[in-house]
Amino acid sequence: MSDWNPEAYARFHGLRLRPALDLLEQVGRLPKGDVIDLGCGSGAVGPALAARFEDRRIIGIDTSPAMLSEAAATGAYKRCEAADIATWHPARPPALIFSNAALHWLPDHAALMPRLAALLPPGGVLAVQMPRQHDAPSHRLLRAIAAEMFPDRFDFSLWKPPVMAAPDYARLLAALGRAEVWESEYTQRLAAEASAHPVRIFTQSTAMRPMAEKLGPAEQAAFVARYEAELELAYPAEADGSVLMPFRRLFFVLTV
């Protein structure tokens with residue numbers, strides 16, 4: 001995919017940061033070592049990590065040059081490194097691998113999570129938050145409309161949810177150390193938009209990206225019009241024009 005747009009992603013900074021702070025609250029004592037922000041994006045959680053672990057090096061890892069530039073500008077990181085988070089390997093074992101809303105872009109979590117855990121020293125922590133929104137209208141409609149309108153480019157017949165159910169992670173992580181696994185649903189209030197449905201504005205910089213990038217301008221316009229029409233039914237406007245968007249997220253903290 002083309003590079004991320006930090007400005008579009010940052011429009012909902014507070015809503016996207018809240019789960020990261022909730023995850024950080026559950027991280028306990030750490031052994032010696034660096035703190036890795038894996039899939040750091042624009043560095044939204046960097047200042048919180050630096051404040052919590054002020055005696056440690058905070059290192060940001062991401063694939064997006066645009067996002068890394070924004071992250072570096074926060075001043076929270078000792079350094080920011082461009083790397084594929086699917087194959088990233090640290091120079092030395094870190095104390096904490098913290099990943100907020102990044103690992104759901106990667107497949108095969110049954111192999112991924114043990115690989116990341118193996119990078120940690122005894123007592124090291126893997127703390128992860130991932131959206132688990134794939135069955136909600138905001139995401140399900142994207143797949144259904146894309147497959148109906150453009151079957152030559154979108155086939156979801158073999159599609160699998162990117163994030164497993166919480167019990168599946170609990171079973172997977174039990175063999176790797178001590179794990180706490182939970183889910184939370186955030187009822188997000190999205191402000192009214194002058195010319196678009198608020199949920200479409202929320203998803204266009206994330207869940208919609210892989211689909212929009214396969215469409216030409218006219219196709220994108222038709223796709224968005226159909227998506228917005230369905231969103232009006234799934235997420236009706238409140239009296240002030242805002243909409244309520246329940247958003248489910250999965251968390252775990254693993255101590256190896």
Side-chain angles (χ1 to χ4, degrees), residues 1-5 8-9 11-12 15-16 19 39 41 63-64 67 84-86 99-113 128-169 172 183-190 193 195-237 243-252:
M1 295 188 294
S2 62
D3 201 4
W4 287 75
N5 184 329
Y9 187 81
R11 286 193 62 177
F12 300 95
L15 295 177
R16 300 192 197 280
T63 57
S64 166
M67 287 292 203
D84 184 345
I85 63 174
S99 186
N100 180 60
L103 298 185
H104 62 292
W105 293 106
L106 303 181
D108 194 6
H109 286 191
L112 174 65
M113 302 311 175
V128 172
Q129 183 275 124
M130 299 176 287
R132 193 165 185 271
Q133 186 73 354
H134 54 267
D135 281 337
S138 57
H139 290 51
R140 176 171 44 80
L141 287 170
L142 286 170
R143 300 192 302 273
I145 295 169
E148 179 184 332
M149 294 183 68
F150 308 102
D152 58 320
R153 273 158 285 181
F154 300 101
D155 179 5
F156 296 101
S157 60
L158 300 179
W159 181 86
K160 294 182 179 179
V163 179
M164 302 185 299
D168 294 327
Y169 287 100
L172 172 66
E183 286 186 334
S184 294
E185 185 170 272
Y186 297 78
T187 302
Q188 304 177 155
R189 183 179 291 275
L190 306 181
E193 297 282 346
S195 58
H197 192 282
V199 172
R200 194 265 288 184
I201 298 299
F202 187 88
T203 61
Q204 70 180 1
S205 63
T206 53
M208 191 190 295
R209 289 182 69 240
M211 299 169 191
E213 289 176 348
K214 293 183 179 181
L215 304 176
E219 292 173 324
Q220 283 192 30
F223 177 76
V224 167
R226 174 73 182 282
Y227 181 47
E228 293 221 3
E230 297 289 346
L231 290 176
E232 293 285 351
L233 300 175
Y235 301 95
V243 300
L244 296 175
M245 179 190 184
F247 199 104
R248 181 167 294 275
R249 296 179 182 273
L250 182 137
F251 303 75
F252 69 77

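Small disclaimer: the values here were computed from a predicted structure and weren't measured.
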| message | Could you tell me if the side chain of Tyr235 sits less than 4.5 Å from the side chain of Pro246, heavy atoms only? | response | yes
| said: Has Gln220 got a side-chain atom pairing as donor or acceptor with Ala212's backbone, closer than 3.5 angstrom? | reply: yes
| query | Under a 4.5 Å cut-off applied to non-hydrogen side-chain atoms, are Lys214 and Phe150 in contact? | reply | no
| message | Quick one: does any side-chain atom of His109 pair with a main-chain N or O of Tyr169 as donor and acceptor, under 3.5 Å? | response | no
| Residue list, side chain to side chain donor-acceptor pair (under 3.5 Å) with Thr187, at least two apart or on another chain | none
| remark: Heavy atoms of Ala234 and Pro137 approach each other most closely as CB-CB, 3.7 Å
| Considering all heavy atoms, the nearest Ala101-Pro131 contact | CA-CD, 4.0 Å
| remark: d(Leu15 CG, Met245 CE) to nearest 0.5 Å is 9.5 Å
| request: Locate the shortest heavy-atom distance separating Asn100 from Pro19; write the atom from each residue and the value. | output: OD1-C, 4.2 Å
| field | Distance, nearest 0.5 Å, that separates CG of Leu231 from OG1 of Thr203 | value | 7.0 Å
| task | Would you indicate whether the side-chain heavy atoms of Met113 and Leu103 approach each other to under 4.5 Å? | result | yes
| request: Looking only at non-hydrogen atoms, find the nearest pair between Ala196 and Ile201 and report the distance. | output: CB-CD1, 3.6 Å
| remark: By side chain to side chain donor-acceptor pair (under 3.5 Å), Glu219 pairs with (sequence neighbours left out) Arg153
| query | Quick one: OG1 on Thr63 to CH2 on Trp105, what's the gap to the nearest 0.5 Å? | reply | 10.5 Å
| said: With no hydrogens and no angle check, just 3.5 Å: does a side-chain donor-acceptor pair link Tyr227 and His197? | reply: no
| remark: Hits for side-chain contact (heavy atoms from CB on, under 4.5 Å) against Ala147, two or more places apart or cross-chain, chain-then-number order -> Phe156
Scan the side chains in residues 138-145 for donor-acceptor partners under 3.5 Å anywhere in the protein, sequence neighbours excluded, and list what turns up.
{"from": "Ser138", "atom 1": "OG", "to": "Gln133", "atom 2": "NE2", "distance (Å)": "3.2"}
{"from": "Arg140", "atom 1": "NE", "to": "Asp135", "atom 2": "O", "distance (Å)": "3.3"}
{"from": "Arg143", "atom 1": "NH1", "to": "His134", "atom 2": "O", "distance (Å)": "2.9"}
{"from": "Arg143", "atom 1": "NH2", "to": "His134", "atom 2": "O", "distance (Å)": "3.0"}

| message | Please give me the minimum heavy-atom distance between His104 and Met130, naming the atom from each residue. | response | N-SD, 3.8 Å
| side chain to side chain donor-acceptor pair (under 3.5 Å) against Glu228, all qualifying residues, sequence neighbours excluded | Arg200
| task | Would you please name every residue forming a ring-ring contact (aromatic ring centres under 6.0 Å, His included) with Phe154, sequence neighbours left out? | result | none
| query | Considering all heavy atoms of both residues, which atom of Tyr186 and which atom of Ser184 are nearest to each other, and what is their separation? | reply | CE1-CB, 3.8 Å
| said: Quick check: do Glu183 and Val163 have side-chain heavy atoms less than 4.5 Å from each other? | reply: no
